Amino acid sequence: MDQKYFPKKVEKKWQERWAGNRTFEARPDNELEKYYCLEMLPYPSGRLHMGHVRNYSIGDAVAWYMRLNGFNVLHPIGWDSFGQPAEQAAIKQGVNPREWTEDNISQMKAQLKTLGIGYDWSREIAAHRPDYYKFDQWFFLKMLEMGLAYLKESEVNWCPKCETTLSNEQASGGICWRCGTQVEKQSRPQWFLKITAYADELLAGMDEIEDGWPEKVLTMQRNWIGKSEGAMIDFAIKDSPGGIDSVRVFTTRIDTIYGVNAIVVASGHPLIETNTGFFSEDVKTKIDQIEAEHANPKDYEVEIEKDGIDTGLHALNPFSGEELPVWVGNYVMMSYGTGAVMSVPGHDERDHEFATKFGLPVVSVIEPADGSDVRQEDGNAFTEKGRLVNSGEWSGKPSAEAISEMTSFAEEKGFGEKAVTYRLRDWGISRQRFWGAPIPIVHCGDCGTVPVPYKDLPVELPESAPFTGIGESPLAKVEEFVNVECPNCGGDARRETDTMDTFVDSTWYYFRYCDPRNDEMPFDPAIAAYWLPVDLYIGGIDHAVMHLLYTRFWTKAMRDLGLVSFDEPAKSLLTQGMVVGESFYSKKKGTYFFEDEVEFKRDGQGRITEAVLKSDGSPVKVAVEKMSKSKHNGVDPDDMISIYGADAVRLFVLFAAPAENELVWQESGIEGAVRFLQRVWRFVLKWRETVSGIDVSSGTPEEMSKAASDLRRKTHQTILRIRENFESRQFNTPVAALMELSNALGDAPFEPESATVVERYAVREALESLIIMLTPYAPHYCEELWEAVTGSTGGILASGARIPEAEESVAAKDEIEIAVQVNGKLRSRVYAAPDASNETLEAAALADEKVKEHTEGKQIVKMIVVPGRLVNVVVK
RNA sequence: GCUGGGGUGGCGGAAUUGGUAGACGCACAGGACUUAAAAUCCUGCGCCCUCAGGGGCAUGCGGGUUCGACUCCCGCCCUCAGCACCA
């Protein structure tokens, strides 16, 4: 142990030792309870950023904590290495995407090792390697057999900048999830995975994980799935010139059907397409206009004004027999329900707006059930449930009753049925890209779409392709790849040239970690049964509805394939907050500037009051935003590690804020972390000789001095706190507790030269506990101190060290402080034994001088005693 | 608009789930050591009065329940995130 703490030296030493001893390599062991700690698969961009550091610091803290509690911990890592940046690099710099990716992986791997994250590197995987994507293809074929994969010509989300399709999840909000560009609609054949087949199960499964997953994520998924119960109702079309004799609508409010004033359909509805000959030029023009707007939506932030036109067609209300006009409306979407709605302006905001704009009649058919006179006279629709009026034989019934009776009636009469719709759409996985897993399909003129036989997997990507960055997949231009014999008839055929969405790779990667070198199967079900499900999954909130929904779906599909026997892949989920930094934006220049290009003053509180550009003195806006290269507000983890050491960086990242919160990067904070480590180091240095012969495990000395038992109490209280905190996944408060323990250690009135055996025992116990409990935060550092204190050289884990068990009797105080309140206001404090009776406490409280001042001349009404806490004297 | 989080010192954040609000750290101020600086150590640090004993006010705002409310209930305000014509 050096006289001073040199992080670099300590970290290098232990990183080498861990690698040499294969300290973090896990193997299944039925004798041991397993713990699977998983962080989200990173994309190998080439550089680690602070978000990664935070993610992995949390994961490693948990992994260490569980190891130090005797669990068999699986803590793996790999690479989400297919995807656009590699292809962009190929297009722009002419590099080979494979080499580019491999280079990035080795760089980031080196960085992760410098950080000292305890990964089982023997299980490392990378999605772009054929031994991995072979099983993407394997799963695709299985899903094809299960009827979960299908090809369909359909309107897809198209990002004009990325030149590729996007799934609905990836085009959420109408913008590309990667580049933020407004998406367009395009029609093309593409492969879909039938996630909708599991819609109900995905909803129901949430009950199982409710305790472990953040409410926020579950809510987002529920909303995304968007289950809605109602009825399908057929409205007959009068004199249908196009041959379609009825239009089906979906409604959740069949009780309002007597208030229907029109049927409104989407511009792409079959009724429209089959009747074009019938429409006037005006109608056709308007329909085309709506259709065009739909294909190229303007701005999703702005509410689009209602628009539409009367087609001249007529429908019949099956309940009232009333004749209704059929309109085309821009607010009706082809992609939800049936693409047609019954317009009830009295009881639906959108229909109300539409009817108002076009002067259609508004009829009220629902009244508030409580008889209050809230009506739609204020110009709005009354959208709540109530009691029916003007509804023929149904008038007077409450909405709920009417809904079920009217649905049954429709079913009996054959013009409707009970129905459930979902917002969730099937997952489109076709991408017009080179750098992804080829979809294992051959298109044959005679046999149609033919799956590649399992024995021919993997369908390997060619070495390279002409990267133009536009239109079709680059694979289409690679003759050797495209031209193939049909596996069915042996004739000339073409390979599918689209590749899979990279989200396919990341749906099942953590199953592969269990059995990463299996050549026959994605993984051996028996091995997976030991490690899975994941016990704790840690990652950003940004994957709440993409990856996390896909992977839940995949798990259920794998269950149906017989690969796993559980329904939910992760028992608990931790969504970490972003790491943010101060950015400087000049409105005038329209760009972000580096900190040293800006002149700013901070007020006494450290906040920037005014900031101007050094170059020309123009004002700069200061904001705290997610760290990013383009905003120049990022901190390079490598820099931080080389200045302060990996342990200090990790300790600070965990201490600075709760894991779910945003973390504002403050360099002064990390200096505090270093100070703490240096302080403890000096303390160990001072005491290690003195406590070297003490064996804490050999039992507690009987005679305790006051100071020694005070220290022991603090030690055991700290153990209790840390166990509680980890249990509830609080990682910042344990650090505070350990700092308190270290402060208590420093304040204890012992000196190495004069300490008694009992005191040396207390110090050694405190030190050992402190070191073990700090290990999840600063593992290299603690390994070094552990070696210095205990003399064991094989490392903490090999020495069998565990997070200590607290002894309640030691943690208990022999005298406690009791707050004394008069009428709920704190007036004094008295001291008493922990088991003092209520009477004793009351007497002590009343005897207190300060209490007397406040009770003098007043009548004591009653006294409240909370044992161990306080006495409240109520006076009048 | 709908859904779900949040509002506690100058800052990040604690608070055994109804029981002494502000732990721990950062920043700041003062002091010791030093020729000096750094490092280290000590002290102070919610706000306002103060006769230096204390006293009053404080957890976004306004009510309520309670002996007692950051915590529970009602009504607002602000803020962050997600979804957004979902019939």
Side-chain angles (χ1 to χ4, degrees), chain A residues 4 172-174 214-224 226-228 230 249-253 256 264 300-301 303-306 329-333 335-344 347-351 353-354 421-424 541-542 544-545 602-607 652 655-658 660-673 675-676 678-679 682 720-721 724 730 732-743 746 817-829 849-850 853 861-875:
Chain A
K4 197 170 174 297
S172 175
E215 189 59 44
K216 189 181 6 179
V217 173
L218 297 179
T219 309
M220 280 165 74
Q221 293 206 355
R222 272 189 199 106
N223 292 344
W224 192 263
K227 181 175 182 170
S228 185
V249 305
F250 176 71
T251 179
T252 55
R253 291 296 303 275
T256 65
V264 186
Y300 281 77
E301 297 296 314
E303 198 168 318
I304 298 157
E305 208 192 322
K306 298 278 178 294
N330 67 341
Y331 72 103
V332 180
M333 299 180 299
S335 56
Y336 181 77
T338 62
V341 302
M342 56 180 223
S343 173
V344 186
H347 307 287
D348 181 282
E349 294 291 353
R350 297 150 302 177
D351 297 339
E353 200 187 321
F354 193 71
T421 61
Y422 299 89
R423 208 193 83 123
L424 184 69
I541 186 73
D542 38 331
V545 282
R602 289 185 192 270
D603 63 14
Q605 284 80 52
R607 277 181 304 211
F652 169 66
F655 175 57
E660 294 86 353
N661 287 22
E662 203 169 68
L663 170 61
V664 185
W665 188 263
Q666 292 276 338
E667 205 143 331
S668 56
I670 190 169
E671 284 164 17
R675 272 201 287 275
F676 168 65
Q678 295 285 13
R679 201 159 43 235
R682 285 195 299 272
L720 285 173
R721 274 174 72 181
E724 267 170 34
Q730 282 179 282
N732 55 333
T733 44
V735 180
L738 292 172
M739 285 173 168
E740 278 185 52
L741 179 58
S742 115
N743 290 344
E817 193 181 83
I818 302 289
V820 184
Q821 299 178 335
V822 178
N823 287 346
K825 275 194 196 290
L826 180 69
R827 294 300 178 188
S828 186
R829 296 178 174 88
E849 284 302 318
K850 288 174 205 153
E853 282 173 32
V861 182
K862 63 171 160 177
M863 295 186 75
I864 311 281
V865 181
V866 182
R869 295 236 156 251
L870 60 74
V871 177
N872 189 10
V873 185
V874 185
V875 296

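Convention: sequence-line order gives letters A, B, ...; per-chain numbering from 1. Please read all numbers here as calculations on a predicted model, not as lab measurements.
Closest heavy-atom contact between A657(A) and E662(A): CB-O, 3.9 Å. T421(A) and G337(A) make their closest contact through CG2-CA, 4.3 Å (heavy atoms, listed as atom of the first residue, atom of the second, distance). Across every non-hydrogen atom of R827(A) and K850(A), the tightest pair is O-CD, 3.7 Å. Contact detail for M863(A) and V871(A): the closest heavy-atom pair is CE-CG1, 3.7 Å. The two residues L826(A) and S828(A) come nearest to each other via the heavy atoms CD1-O, 3.7 Å.
The nearest whole Å value for the distance from the CZ atom in F676(A) to the C1' atom in rA39(B) is 18 Å. The distance between atom OH of Y336(A) and atom P of rA87(B), rounded to the nearest whole Å, is 4 Å. Spacing between atom NZ of K227(A) and atom P of rC83(B) amounts to 23 Å, rounded to whole angstrom units. What separates CD of E740(A) from P of rA15(B) is a distance of 12 Å, to the nearest Å. Rounded to whole Å, the distance from CD1 on I541(A) to P on rC83(B) is 11 Å. L826(A) has its CG atom 13 Å from the C1' atom of rG54(B), to the nearest Å. If you measure from atom CG of N223(A) to atom P of rA84(B), you get 10 Å, rounded to the nearest angstrom. Computed from coordinates, the M342(A) CE to rC85(B) P distance equals 20 Å when rounded to whole Å.
Within the structure, a side-chain polar atom (N or O) of K825(A) is placed less than 4.0 Å from OP1 or OP2 of rC57(B). Contact between the side-chain N/O atoms of N661(A) and the OP1/OP2 oxygens of rG5(B) is not found at any separation under 4.0 Å. At the phosphate of rG56(B), OP1 or OP2 sits under 4.0 Å from a side-chain N or O atom of R827(A). Taking side-chain N and O atoms only, K216(A) has no distance below 4.0 Å to OP1 or OP2 of rG5(B). Contact between the side-chain N/O atoms of S172(A) and the OP1/OP2 oxygens of rC83(B) is found at a separation under 4.0 Å. Remark: R675(A) is not in phosphate contact with rA39(B), judged by side-chain N or O atoms under 4.0 Å from OP1 or OP2.
Side-chain atoms of N823(A) come within 3.5 Å of backbone atoms of V875(A) as a donor-acceptor pair (strictly under, hydrogens ignored). Under a 3.5 Å cut-off, the side chain of N330(A) and the backbone N or O of E305(A) do form a donor-acceptor pair.
The residue M863(A) sits apart from the nucleic acid: no heavy atom pair falls under 4.0 Å. Among the atoms of the strands shown, base atoms are found under 4.0 Å from some heavy atom of N872(A). Using a 4.0 Å heavy-atom cutoff across all strands shown, Y422(A) reaches no nucleic acid atom at all. R679(A) comes within 4.0 angstrom of the backbone, heavy atoms only, and of no base. Within the 4.0 angstrom heavy-atom criterion, base atoms lie near Q821(A). Residue contacts for V664(A): at a heavy-atom cut-off of 4.0 Å it reaches no nucleic acid atom on any strand shown. Using a 4.0 Å heavy-atom criterion, one finds that V545(A) contacts no nucleic acid atom at all. Among the heavy atoms of the strands lying under 4.0 Å from Q730(A) are primed sugar atoms or P, OP1, OP2 only; no base atom is included. As judged by a 4.0 angstrom heavy-atom cut-off over every strand, G226(A) is placed among residues making no nucleic acid contact. Counting any heavy atom pair closer than 4.0 Å across all strands shown, R829(A) reaches a base atom. Within 4.0 Å (heavy atoms only), P658(A) reaches sugar-phosphate atoms of the nucleic acid but no base atom.
When distances are taken from the side chain of T219(A) to each of rG4(B), rA84(B), rA87(B), the shortest belongs to rG4(B). The side chain of W224(A) lies closest to rC83(B), out of rC83(B), rC24(B), rG13(B). Comparing rG25(B), rG4(B), rC85(B) against the side chain of N743(A) picks out rG25(B) as the nearest. Among the nucleotides rC85(B), rG82(B), rC67(B), the one closest to any side-chain atom of I864(A) is rC67(B). Counting only heavy atoms from C-beta on, E817(A) has its side chain closest to rU20(B) among rG56(B), rU3(B), rU20(B). Closest to the S228(A) side chain, of the nucleotides rG19(B), rA27(B), rA87(B), is rA87(B).
Closest-nucleotide positions on RNA chain B for S335(A) and V874(A) were compared, and the one nearer the 5' end corresponds to V874(A). Projected onto RNA chain B by closest heavy-atom contact, R682(A) and V735(A) fall at different nucleotides, the more 5' of which corresponds to V735(A).
Nucleotides rG10(B) and rG46(B) place their P atoms 10 Å apart, quoted to the nearest Å. Separating the C1' atom of rG22(B) from that of rC47(B) is a span of 13 Å, rounded to the nearest Å. Spacing of C1' atoms, rA15(B) relative to rA23(B), comes out at 8 Å, to the nearest Å. Between rC42(B) and rC24(B), the two P atoms lie 13 Å apart (nearest whole Å). Taking atom C1' in both rG44(B) and rC51(B), one finds a spacing of 23 Å when rounded to whole Å. Annotation: rC33(B) and rU40(B) have their C1' atoms spaced 9 Å apart (nearest Å). Of the C1' atoms belonging to rG62(B) and rA69(B), the separation is 15 Å, rounded to the nearest Å. Across the P atoms, rU20(B) and rU59(B) are found 15 Å apart, a figure rounded to whole Å.
Base-pair partner of rC76(B): rG60(B) (Watson-Crick or G-U wobble, both distances under 3.5 Å). Remark: rA15(B) base-pairs with no nucleotide in the shown strands. Criterion, Watson-Crick or G-U wobble with two distances under 3.5 Å. With a 3.5 Å ceiling on both atom-pair distances, the Watson-Crick or G-U wobble partner of rG44(B) is rC28(B). Pairing for rC83(B) goes to rG1(B), judged as Watson-Crick or G-U wobble with the two contacts each under 3.5 Å. Across all strands shown, rA39(B) has no partner, as no Watson-Crick or G-U wobble contact with both distances under 3.5 Å is found.
Taking the O4'-C1'-N9-C4 or O4'-C1'-N1-C2 dihedral as appropriate, rU66(B) has a value more than 90° from 0 and is therefore anti. Taking syn as a glycosidic angle within 90° of 0, rG6(B) does not qualify and is anti. Nucleotide rG44(B) is shown with an anti base, its glycosidic torsion being more than 90° from 0.
Exactly one residue among D351(A), D348(A), T251(A) makes a side-chain contact (heavy atoms from CB on, under 4.5 Å) with M342(A). That residue is T251(A).
For the pair K306(A) and F354(A), the cation-pi criterion (under 6.0 Å, within 45° of the ring axis) is not fulfilled.
Relative ring orientation between Y336(A) and F250(A) is described as perpendicular, the plane-to-plane angle rising above 60° on a 0-90° scale split at 30° and 60°.
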